Amino acid sequence: MDTLISRAVTDLKHARTAVALTGAGISIESGIPPFRGKGGLWERFDPMEIAHIDAFVADPALVWRVLVKELKEVIDRALPNDGHKGLARMERMGILKTVITQNVDGLHQAAGSTDVIEFHGTFAWQRCTECETRVPTRDVDASVLPPRCICGGILRPDAVLFGEMIPPIALTRSQEESSQCDVMLVVGTSALVQPAAFMPVIAQQSGATVIEINPEPTPLTGRISKFLVAGKAGQIMNEILSEVSSLIQSKKQ
Ligand code: APR
């Protein structure tokens, strides 16, 4: 393990620009379930029935009942963990430039990251399907489902549902950051959902070193990523940062 941590630290130390791509795995230690694998949301619900735009149009109350219960309430209680805090600290140290996240929980920003690309939108805001007005989720009265905008339109999460496009600015910026970085940390994603899972491919094809942090291998492992540091995001981030700090200390002496 230590050798892989040291390799990651060396790559980060020599990087002009490092970015991170994150997925649900980084928020598991904050109590938010993943989508796939053990305890995953899609083990209990068919995503095409509760997270596809056609399902929302067909029965917005059903989608709200499930999404609200399974996501909003869990996200409302969640706090950033050492994984999120580690990436925010790397940004403050000038090691990391941008976080591209597939997560809609806002925990990177809550941890202090300032340049976060929300590739799949956010659950922190709801948007009116009629007038496009955006409302903070915390201000939405979910006692009547589906909740309505003051214009009478149905409110929906400002997140990307299956069957929908990635927000153009998020897509363009992510492609730019992926093609211009020297190191990409891929943290807590199964790398199964496109086009997010293509960002590490863009990075690798542009000459960057792709490093995965995940307890399990993914389709990127051994093909796109240079190596996988197998473990939980919080623990691995702490090990990387403690090695970076001791490096900085030794330099001062
Ligand atoms: N630290 C880091 N990674 C972890 C941890 C942990 N503590 N625990 C599990 N993981 C890894 C799993 O091994 C898995 O590879 O996190 C990954 C979670 O994968 P998914 O649940 O598939 O989540 P994600 O890759 O973000 O899904 C992509 O799919 O359902 C859609 O829109 C949704 O953004 C989501 C997208």
Side-chain angles (χ1 to χ4, degrees), residues 1 4-5 8 20-53 55-56 63 66-67 70-71 74-75 78-87 99-108 111 116-124 156-167 170-171 174 184-201 210-225 227-240:
M1 178 74 82
L4 290 177
I5 297 284
L21 172 71
T22 67
I26 200 170
S27 294
I28 288 176
E29 294 154 71
S30 297
I32 301 180
F35 294 95
R36 294 167 192 83
K38 199 162 142 302
L41 210 54
W42 305 152
E43 302 256 306
R44 292 179 287 135
F45 303 99
D46 176 349
M48 295 307 122
E49 278 172 25
I50 59 127
H52 192 285
I53 184 61
F56 185 85
V63 172
V66 176
L67 269 186
E70 296 296 332
L71 267 181
V74 175
I75 290 176
L79 297 172
N81 64 60
D82 289 353
H84 304 104
K85 293 175 187 166
L87 292 176
V99 173
I100 304 166
T101 189
Q102 298 167 82
N103 302 343
V104 295
D105 54 35
L107 290 179
H108 286 297
V116 180
I117 302 173
E118 294 182 307
F119 202 82
H120 291 154
T122 176
F123 215 78
R156 54 149 298 160
D158 200 15
V160 178
L161 298 172
F162 285 102
E164 293 191 302
M165 301 270 287
I166 302 297
L171 183 59
S174 300
M184 176 178 276
L185 293 178
V186 179
V187 187
T189 180
S190 58
L192 293 171
V193 175
Q194 298 295 348
F198 196 67
M199 297 307 124
V201 179
V210 175
I211 300 168
E212 287 183 281
I213 297 174
N214 193 318
E216 293 169 20
T218 75
L220 300 173
T221 312
R223 293 178 45 249
I224 300 298
S225 63
F227 56 91
L228 162 74
V229 187
K232 297 184 173 184
Q235 170 218 331
I236 303 294
M237 217 37 79
N238 285 342
E239 288 183 33
I240 289 177

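Because the structure is predicted, anything quoted here is derived from the model rather than measured. Indexing begins at 1, ligand by ligand and atom by atom, following the structure's order.
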Novice: With a 4.0 Å heavy-atom cut-off, what residues sit around ligand 1?
Specialist: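 Residues near ligand 1: Gly23, Ala24, Gly25, Ile28, Glu29, Pro34, Phe35, Arg36, Trp42, Gln102, His120, Phe162, Gly188, Thr189, Ser190, Val193, Asn214, Pro215, Glu216, Lys232, Ala233.
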Novice: With a 3.5 Å cut-off and sequence neighbours excluded, list the donor-acceptor pairs that the side chains of residues 157-166 form with protein atoms.
Specialist:
{"from": "Asp158", "atom 1": "OD1", "to": "Arg127", "atom 2": "NH1", "distance (Å)": "2.4"}
{"from": "Asp158", "atom 1": "OD2", "to": "Arg134", "atom 2": "NE", "distance (Å)": "2.7"}
{"from": "Asp158", "atom 1": "OD2", "to": "Arg134", "atom 2": "NH2", "distance (Å)": "2.8"}
{"from": "Glu164", "atom 1": "OE1", "to": "Arg156", "atom 2": "NH1", "distance (Å)": "3.4"}
{"from": "Glu164", "atom 1": "OE1", "to": "Arg156", "atom 2": "NH2", "distance (Å)": "3.0"}
{"from": "Glu164", "atom 1": "OE1", "to": "Leu161", "atom 2": "N", "distance (Å)": "2.8"}
{"from": "Glu164", "atom 1": "OE2", "to": "Arg156", "atom 2": "NH1", "distance (Å)": "2.7"}

Novice: List in chain and number order the residues that pass ring-ring contact (aromatic ring centres under 6.0 Å, His included) with Phe35, two or more places apart in sequence or in another chain; answer none if no residue qualifies.
Specialist: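 ring-ring contact (aromatic ring centres under 6.0 Å, His included) check on Phe35 returns Trp42.
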Novice: Who are the side chain to side chain contact (heavy atoms under 4.5 Å, CB included) partners of Val74, not counting sequence neighbours?
Specialist: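 Per chain and number, Val74 pairs via side chain to side chain contact (heavy atoms under 4.5 Å, CB included) with Ile32, Pro33, Arg77.
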Novice: For the residue pair Val186 and Pro200, what are the closest heavy atoms and their distance?
Specialist: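 Closest pair (atom of Val186, atom of Pro200, distance): CG2-CG, 3.9 Å.
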Novice: Any side-chain donor-acceptor pair under 3.5 Å between Thr218 and Ser190?
Specialist: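 The criterion, which ignores hydrogens and geometry beyond distance, is not satisfied for Ser190 and Thr218.
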Novice: Looking just at side-chain N and O atoms, do Thr189 and Gln102 make a donor-acceptor pair shorter than 3.5 Å?
Specialist: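 The criterion, which ignores hydrogens and geometry beyond distance, is satisfied for Gln102 and Thr189.
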